[in-house]
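The block underneath contains the structure these notes are about, expressed in structure tokens.
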Amino acid sequence: MLRFAVTLFAVIMSSACQKYGCLEGDTHKPKPSPEPNLHECTLYSESSCCYANFTEQLAHSPVIKVNNSYWNRCGQLSKSCEDFTKKIECFYRCSPQASRWINPNDAAAIQSVPLCQSFCDDWYEACKDDSICVHNWLTDWEWDESGENHCKNKCTPYSEMYANGTDLCQSMWGESFKVRESSCLCLQMNEKDTIAMKYLLSESSEESSSISSSEERACQRKLRKFEKLKGEEGEQTR
């Protein structure tokens, strides 16, 4: 049954691909396709906007840099914080769903991707004792002639740079993400997104700012069923 859920994820992503395609970032494919040998970001292996060789940069710990962007300018990230940073990087680089929220002013950027409040709170908790020197990862660095990033300001703990999980999610990547209090009609960067995407892909831009109670209840029912099937699959493999 879990295999069915994974297949459903692929079908949903394929449908999204046909409508939205990939972003126009420098590491993105022209259009999504299967990428079975991903070293990391395997959530998107059935339909991926990134090539396997890109994910080699993320397939080890600690991650020093991705392309020319160094992750360790304030010391190496803790494993828990790094894991969340990888999830965000994987979504942006590899998810064919990302272009559902393409920034109207930049075809290589995303805007207002709905993240679950719980995901943002967990991200903040994972990183709060790590250090960072920029509030906005996209704009606040100083870039040298070779395109490498450097701190302009002193390093400070995440817990001082960001007030809470909401501030982290809605500030670190500029306007890329938006927090939703819903626990279902939002993304968690894991297999549970199969449920949310069914509803999110049907939303119009006018509807995206509001969630009906009936949609929330329907999503929750499907999520509980998915978690039950996943639990049963886990029991069978023990």
Side chains of M161 and M172: closer than 4.5 Å at any heavy-atom pair?
no

Measuring from E125:CD to S118:OG, what's the distance to the nearest 0.5 Å?
13.5 Å

4.5 Å side-chain heavy-atom contact, Y124 and D167:
no

Measure the shortest side-chain to side-chain distance between L200 and L187 over non-hydrogen atoms and say whether it is less than 4.5 angstrom.
yes

Indicate, with yes or no, whether the SG-to-SG separation of C133 and C151 is under 2.5 Å.
yes

Could you state the interatomic distance from CD1 (I132) to SG (C155), rounded to the nearest 0.5 Å?
9.0 Å

Is it the case that the ring center of H135 lies less than 6.0 angstrom away from the ring center of Y162?
yes

Could you check if a side-chain atom of L23 sits within less than 4.5 angstrom of a side-chain atom of I110, using non-hydrogen atoms only?
yes

Aromatic rings F91 and W101: how do their planes relate, parallel, tilted or perpendicular, breaks at 30° and 60°?
tilted

Taking the two cysteines C184 and C116, do their sulfur (SG) atoms come closer than 2.5 angstrom to each other?
no

Would you indicate whether the side-chain heavy atoms of R180 and K178 approach each other to under 4.5 Å?
no

Using a cut-off of 6.0 Å, state whether more than 12 heavy atoms not belonging to K31 lie near its atom NZ.
no

Does the pair D83/K87 count as a salt bridge with the N-to-O cut at 4.0 Å?
no

Evaluate the side-chain proximity of L43 to C94: yes if any heavy-atom separation is below 4.5 Å, no if none is.
no

Same cluster or not: are F84 and F177 linked, directly or through other Ile, Leu, Val, Met, Phe, Trp or Tyr residues, by side-chain heavy atoms under 4.5 angstrom apart?
yes

Between T55 (side chain) and A52 (backbone), is there a donor-acceptor pair under 3.5 Å?
yes

Taking the six-membered ring for Trp and the full ring for Phe, Tyr or His, determine whether the centres of H28 and F54 are under 6.0 Å apart.
no

Go through the side-chain N and O atoms of N103 and E175 and say whether any donor and acceptor fall under 3.5 Å apart.
yes

So do the side chains of R93 and C41 get within less than 4.5 Å of each other, counting heavy atoms only?
no

Minimum heavy-atom distance between W71 and K86, given as atom pair plus value:
CH2-N, 4.0 Å

Kindly compute the distance separating CG (L168) from CD (Q170), expressed to the nearest 0.5 Å.
10.0 Å

What verdict does the side chain to side chain contact (heavy atoms under 4.5 Å, CB included) test give for Y44 and C50, after you've listed the backbone C-alpha separation in whole Å, the side-chain angles of each residue and the deciding distance to 0.1 Å?
CA-CA 9 Å; Y44 311 107; C50 68; over 6 Å; no

Would a single hydrophobic cluster contain both V179 and W137, if residues Ile, Leu, Val, Met, Phe, Trp and Tyr are joined by side-chain heavy-atom contacts under 4.5 Å?
no

So do the side chains of L138 and S176 get within less than 4.5 Å of each other, counting heavy atoms only?
yes

Taking everything shown except K154 itself, do over 12 heavy atoms lie less than 6.0 Å from its NZ?
no

Going from CD on E148 to CG on N67, what distance comes out if it is rounded to the nearest 0.5 angstrom?
11.5 Å

More than 12 heavy atoms of other residues, nucleotides or ligands under 6.0 Å from CD of E181: is that the case?
no

